[in-house]
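Some notes on the structure that comes next.
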Amino acid sequence: QVQLVESGGGLVQAGDSLRLSCAASGRTFSRYAMGWFRQAPGKEREFVVSISWNGATTAYADSVKGRFTTSRDNAKNTVTLQMNNLKPEDTAVYYCAASMIVGVITKASIYDNWGQGTQVTVSS
């Protein structure tokens with residue numbers, strides 16, 4: 001098990017940038033594939049991005065390609081999500097997730113460790 005804590009959310013205007021961070025506890029962080037998901041009010045949780053255990057492989061939702069970038073630092077037990085050119089439709093609670101399945105993972109059901117989420121609000 002790994003505990004995850006997200007930070008960096010906030011209220012911004014369309015076109016602005018935000019950088020989310022996810023801090024993980026435990027010595028086995030480097031074994032986990034990591035993912036970011038988001039959930040807007042009244043909608044299902046949706047995949048945003050996933051990064052493999054060593055950062056070599058990433059997968060992005062089409063809606064964020066070219067705007068969002070993820071990276072990880074296994075020495076610091078952190079994964080980040082750089083969000084540029086934010087749009088009102090990016091407004092949601094963003095969750096960090098971890099799974100020991102190898103590779104990148106786009107399905108929320110595969111992840112068994114979740115953070116509490118951080119709110120991102122983008123005004124038009």
Side-chain angles (χ1 to χ4, degrees):
Q1 291 291 327
V2 61
Q3 283 72 50
L4 305 172
V5 179
E6 303 95 336
S7 61
L11 171 63
V12 297
Q13 293 185 335
D16 285 350
S17 298
L18 272 179
R19 185 177 180 89
L20 305 184
S21 293
C22 175
S25 64
R27 294 176 293 176
T28 59
F29 174 74
S30 63
R31 300 181 185 178
Y32 287 84
M34 301 298 296
W36 288 94
F37 289 76
R38 66 188 182 186
Q39 188 166 18
K43 296 187 177 181
E44 294 187 353
R45 191 168 298 190
E46 66 171 353
F47 168 74
V48 177
V49 62
S50 178
I51 185 168
S52 62
W53 69 273
N54 60 356
T57 307
T58 55
Y60 292 86
D62 288 343
S63 58
V64 306
K65 281 181 181 177
R67 301 188 297 122
F68 291 12
T69 304
T70 192
S71 61
R72 66 187 296 162
D73 186 336
N74 286 343
K76 296 182 178 179
N77 281 16
T78 59
V79 61
T80 60
L81 180 64
Q82 178 66 41
M83 305 186 295
N84 297 328
N85 189 23
L86 283 161
K87 303 176 181 180
E89 51 264 43
D90 293 319
T91 295
V93 177
Y94 283 71
Y95 297 91
C96 174
S99 169
M100 294 194 78
I101 299 296
V102 175
V104 291
I105 306 161
T106 62
K107 293 185 65 175
S109 60
I110 303 299
Y111 291 89
D112 46 16
N113 299 273
W114 291 85
Q116 83 290 348
T118 185
Q119 177 71 47
V120 172
T121 303
V122 184
S123 63
S124 58

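Below, each value reflects all heavy atoms present in this structure, side chains not excepted, and no hydrogens, waters or symmetry copies.
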Can you pull the disulfide bond (SG atoms under 2.5 Å apart) pairs that have at least one residue in residues 80-124, sequence neighbours excluded?
-> Cys22-Cys96

Pairs where residues 44-80 contributes a residue and the test disulfide bond (SG atoms under 2.5 Å apart) is met, not counting sequence neighbours = none

So, [X] side chain and [Y] main chain: donor-acceptor pair closer than 3.5 Å or not?
X: Thr121; Y: Leu11; value: no
X: Thr118; Y: Gly9; value: yes
X: Arg31; Y: Met100; value: no
X: Glu6; Y: Gly117; value: yes

Quick check: closest heavy atoms across [X] and [Y], and the distance to 0.1 Å?
X: Val79; Y: Ser71; value: CG2-O, 3.1 Å
X: Tyr32; Y: Ala98; value: CD2-CB, 3.7 Å
X: Ala24; Y: Phe29; value: CB-CD1, 3.3 Å
X: Pro88; Y: Ser124; value: CG-CB, 3.8 Å

Who pairs with [X] by side chain to side chain contact (heavy atoms under 4.5 Å, CB included), at least two apart in sequence or on another chain?
X: Gln1; value: Gln3, Asn113
X: Thr58; value: Ile51, Tyr60, Thr70
X: Asp112; value: none

Say whether Gln82 and Thr80, considering side chains only, have a donor N or O and an acceptor N or O under 3.5 Å apart.
-> no

Taking side chain to side chain donor-acceptor pair (under 3.5 Å) as the definition, give me every residue that meets it alongside [X], ordered by chain and number, with sequence neighbours left out.
X: Asn54; answer: Ser52
X: Thr91; answer: none
X: Ser17; answer: Asn84
X: Thr69; answer: none

Given side chains that start at C-beta, do those of Leu20 and Met83 come closer than 4.5 Å, heavy atoms only?
-> yes

Is there a side-chain contact between Leu86 and Phe68 (heavy atoms, below 4.5 Å)?
-> yes

Non-neighbouring partners of Lys65 that pass salt bridge (charged side-chain N to carboxylate O under 4.0 Å, His left out), sequence neighbours left out | Asp62

Residues 84-109 vs salt bridge (charged side-chain N to carboxylate O under 4.0 Å, His left out), sequence neighbours excluded, gives Arg38-Asp90, Arg67-Asp90

Joint hydrophobic cluster, [X] plus [Y], side-chain heavy atoms closer than 4.5 Å:
X: Tyr94; Y: Val104; answer: no
X: Leu81; Y: Val2; answer: yes
X: Val48; Y: Leu18; answer: yes
X: Val12; Y: Val93; answer: no
X: Val120; Y: Met34; answer: yes

Hey, could you give me the CD1/OG distance between Ile110 and Ser99, rounded to the nearest 0.5 Å?
-> 7.0 Å

Hey, could you give me the CG/OH distance between Leu4 and Tyr111, rounded to the nearest 0.5 Å?
-> 11.0 Å

For Phe47, all residues meeting ring pair (Phe, Tyr, Trp, His ring centres under 6.0 Å), sequence neighbours excluded = Phe37

Do the ring planes of Trp114 and Tyr95 sit parallel (below 30°), tilted (30 to 60°) or perpendicular (above 60°)?
-> perpendicular

